[in-house]
Structure formats: structure tokens, C-alpha cells
Amino acid sequence: MADRAPFDTNLITVTRFVLEEGSKAKGTGELNQLLNALCTAVKAISSAVRKAGIANLYGLSGSKINVTGDEVKKLDILSNDMVVNMLISSFSTCVLVSEEEKNAIIVEPGTRGKYIVCFDPLDGSSNIDCLGAIGTIFAIYKKTTEGEPNEKDALQSGRNIVAAGYALYGSATMLVFSAGNGVNCFMLDPAIGEFILVNKNVTMKKKGNIYSINEGYSKYFDPAVLEYIKQKKCPKVWRRTLQLFTKSVHSFLCKPLYLSLTHRMVVLPTGQDILAPW
């Protein structure tokens with residue numbers, strides 16, 4: 001990215017990228033319609049997330065618990081409605097499975113396509129009120145059975161995924177997805193309202209020096225996994241933990257937790273002092 005001109009005159013947008021890849025595969029363009037609809041939903045969610053405080057979209061919706069046991073937030077409902085409506089209007093889907101819906105949504109025949117989309121419209125919504133990281137996750141399958149679509153059509157092996165990815169709402173909005181030909185990253189340029197390709201064929205390094213894991217459910221981990229984690233946390237050679245200091249402090253101020261940030265700082269529940277014993 002450092003070698004780029006100040007203004008690129010040959011931008012590769014997500015639409016252009018999918019069209020080029022679809023042309024190589026001699027596709028019908030229906031997947032491009034679907035991804036365009038998803039991109040529009042992601043842009044709308046990104047805008048809503050940034051306006052959440054002003055528009056009073058923080059907090060619980062007053063609704064019930066969703067299908068995974070999480071408390072439903074106002075932005076959860078808004079994001080779900082955006083994704084569902086955009087996917088239905090794309091004329092490319094037949095079954096939609098959302099974390100916020102108890103049952104699968106069967107698209108009406110008049111707007112029906114051949115794809116099945118499973119998604120979490122706003123993953124990490126418990127972080128909304130404290131400005132934590134949130135995102136949208138999706139996986140796309142193709143209907144493989146004859147007859148009317150139903151919930152069972154979504155119960156396919158992960159090997160059958162046509163395309164999958166996620167959007168991350170942070171300091172910028174990024175869309176990361178793969179259609180089986182590598183993982184590609186697109187950054188939303190708010191000036192033109194388009195997702196621009198910034199990283200192509202992204203791969204993980206074989207080895208790294210950062211330890212990062214969600215240990216909230218560690219009591220359910222397999223003993224072998226716990227032992228592996230212990231070795232990573234207490235290595236012979238020191239490895240960094242992934243620390244987001246400002247974000248962590250803000251999270252602790254919003255939520256009454258007893259947690260340690262670093263070896264030099266402990267944050268007590270909301271309303272009490274921050275101890276810095278150095």
C-alpha cells in the first residue's frame with residue numbers, strides 16, 4: 001500500500017473483483033448480486049454503528065433472548081433487518097438462517113434464487129455499549145435439492161460453502177471474504193462508498209509471536225488444549241499477548257469485571273479505583 005499513488009485511478013472494488021472471478025468461472029452473476037446486497041447491508045450497519053450513541057441505539061432492545069442465549073441489543077435487531085431485507089431483495093436467495101431468528105426464513109417464490117445464506121448480523125453485540133469490536137459473519141451455500149426450499153437445505157457440510165467471510169467494524173470497516181480462490185480484504189472508502197481491495201490472497205504465517213484467545217469458556221476445554229494454552233502462556237521464550245489498552249480500560253469501565261490488564265495494572269469494578277502498583 002505504501003507504493004500506491006495518492007489517488008488510484010484503477011480501483012478494484014469488491015463488485016469488480018467478483019465479476020472478474022465470476023467471468024473466469026463462467027458464472028451466471030447471481031453470486032455477484034448476492035454479495036452486492038451483503039455489501040450494501042454492511043455499509044448500512046457500519047453507518048448505524050457509528051451513529052449508535054447519537055441515535056440512541058445502545059442498550060437492550062427490551063426483547064427476548066436470541067437462539068444462542070444472548071441478550072438482544074437494539075443494533076442486533078436493526079442489523080438483522082438490514083441483512084434480511086437486502087438479501088431477499090437481491091433475488092438470489094431461497095433460505096436465510098440468522099442467529100437472531102428462531103426459524104429459518106424461506107424466501108417467497110417471486111424473489112427466490114438458488115443460494116442459502118447463514119449469518120450472524122452483528123457478532124460480539126455484547127461489546128456494543130463499550131465500543132468494543134463487532135462484526136458481521138456469513139456463509140453462502142447453493143441449494144442442492146429439488147422441490148421447495150426448507151431449513152434442512154441449510155444443513156450442509158462446510159466443504160459445500162460457495163463463499164464465506166466477515167465484516168469488521170472498527171477504526172475502519174473491512175470486508176474479508178473468500179470464494180474458494182484465496183482470502184481477500186476490502187476496505188470501505190467512505191468518500192466513494194465502495195469496498196476497495198487492499199490485500200489479496202492473505203495467508204497466516206506459520207509461526208507468530210502473539211498469544212490471543214478467548215478463555216471465557218476454558219472450563220469446557222479439553223485437558224490437552226488447556227495444557228497447550230498453559231505452555232503458550234508460560235513459555236520459556238516470552239511471547240506478547242495481544243493487548244488493546246485503551247479499548248480494555250473502556251470495556252472495564254462499562255462492565256463490572258475483575259480483570260488484570262497487564263502485570264502492572266489491575267482494574268476493579270466500575271466506580272472503584274484503578275490500581276497501578278509500579
Side-chain angles (χ1 to χ4, degrees), residues 1 11-19 21 31-52 55 57-58 66 68 70 72-90 92-93 96-101 115-141 158 161-202 204 214 244 247:
M1 293 180 65
L11 297 173
I12 300 179
T13 65
V14 66
T15 302
R16 172 182 170 181
F17 182 85
V18 174
L19 280 172
E21 294 300 316
L31 180 61
N32 187 50
Q33 290 175 221
L34 195 162
L35 288 171
N36 274 336
L38 266 176
C39 285
T40 301
V42 167
K43 292 174 191 176
I45 294 170
S46 175
S47 176
V49 167
R50 295 181 186 281
K51 296 176 182 176
L57 292 174
Y58 287 149
N66 68 14
T68 59
D70 297 326
V72 178
K73 305 273 187 172
K74 293 176 184 177
L75 272 174
D76 280 320
I77 295 176
L78 181 67
S79 301
N80 186 64
D81 289 347
M82 286 178 178
V83 176
V84 169
N85 290 333
M86 290 309 304
L87 289 177
I88 290 176
S89 64
S90 72
S92 59
T93 61
L96 305 178
V97 180
S98 169
E99 185 183 16
E100 304 304 326
E101 303 283 350
Y115 290 108
I116 299 158
V117 186
C118 303
F119 60 92
D120 182 349
L122 203 62
D123 179 58
S125 58
S126 61
N127 295 325
I128 292 172
D129 293 354
C130 59
L131 306 182
I134 50 180
T136 298
I137 309 171
F138 63 91
I140 303 168
Y141 298 86
I161 290 177
V162 176
Y166 61 88
L168 185 64
Y169 311 108
S171 56
T173 299
M174 175 170 277
L175 177 69
V176 181
F177 89 96
S178 174
N181 56 349
V183 177
N184 303 284
C185 301
F186 299 82
M187 192 81 75
L188 178 61
D189 184 343
I192 60 175
E194 291 284 356
F195 281 99
I196 308 301
L197 181 66
V198 291
N199 294 106
K200 191 173 181 179
N201 294 324
V202 179
M204 292 180 64
N214 181 356
L244 304 175
K247 177 257 182 185

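These numbers come from a predicted model, not from an experiment. All heavy atoms count here, side chains included; hydrogens, waters and symmetry mates do not.
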Step through it carefully: locate the ring centre of Tyr166, locate the ring centre of Phe177, and say whether they are under 6.0 Å apart. no
side-chain contact (heavy atoms from CB on, under 4.5 Å) for Phe138 and Cys118? Distances and angles first, verdict last. CA-CA 6 Å; Phe138 63 91; Cys118 303; over 6 Å; no
All heavy atoms of Met86 vs all of Ala41, minimum pair found to be CG-CB, 4.0 Å
Considering all heavy atoms of both residues, which atom of Lys43 and which atom of Gly193 are nearest to each other, and what is their separation? NZ-O, 2.6 Å
Is there side-chain contact between Met187 and Val198, with heavy atoms separated by less than 4.5 Å? yes
Distance-only donor-acceptor check, side chains Thr136 and Asp123, under 3.5 Å: no
Residue pair Leu38 / Val83, side-chain heavy-atom distance below 4.5 Å: yes
Quick check for you: to the nearest 0.5 Å, what is the distance between Asp76 atom CG and Ser98 atom OG? 9.0 Å
Non-hydrogen atoms of Leu11 and Arg16 that approach each other most closely: O-NH1, 2.8 Å
Stepwise side-chain contact (heavy atoms from CB on, under 4.5 Å) check, Phe17 with Lys200: CA-CA 10 Å; Phe17 182 85; Lys200 191 173 181 179; 3.9 Å; yes
Would you say the side chain of Phe119 lies within less than 4.5 Å of the side chain of Leu96, judging by non-hydrogen atoms? yes
Using 0.5 Å steps for rounding, measure from the CZ atom of Phe186 to the CG atom of Leu175. 7.0 Å
Considering non-hydrogen atoms only, spot the tightest contact between Ile45 and Pro121 and give its length. CD1-O, 4.0 Å
Check Ser92 against Leu34 and note the closest heavy-atom contact, atom names and distance. OG-CB, 3.3 Å
side-chain contact (heavy atoms from CB on, under 4.5 Å) against Thr173, all qualifying residues, sequence neighbours excluded: Val42, Ser46, Arg50, Tyr169, Leu188, Phe195
Just by modelled atom types, is the Asn80 backbone N or O under 3.5 Å from a matching donor or acceptor in the Glu100 side chain? no
Separation of Leu122 CG from Asp120 CG (nearest 0.5 Å): 7.0 Å
Is there a side-chain contact (heavy atoms from CB on, under 4.5 Å) between Glu194 and Asp189 once you walk through the steps? CA-CA 6 Å; Glu194 291 284 356; Asp189 184 343; 5.6 Å; no
State the CG-CG distance between Leu31 and Asn36, to the nearest 0.5 angstrom. 9.5 Å
Val14 vs Leu35, test: side-chain contact (heavy atoms from CB on, under 4.5 Å). Steps then yes/no. CA-CA 9 Å; Val14 66; Leu35 288 171; 5.7 Å; no
Closest heavy-atom pair, Asn32 versus Thr15, reported as atoms and distance to 0.1 Å, is OD1-O, 3.7 Å
All side-chain hydrogen bond (donor to acceptor under 3.5 Å, both in side chains) counterparts of Thr93, not counting sequence neighbours: none
Are Val97 and Val117 close enough that some pair of their side-chain heavy atoms sits under 4.5 Å apart? no
Within a strict 4.5 Å, meaning less than it, do heavy atoms of the Asn201 and Asn184 side chains meet? yes
Run the side-chain hydrogen bond (donor to acceptor under 3.5 Å, both in side chains) test against Asp81 and tell me which residues pass, sequence neighbours left out. none
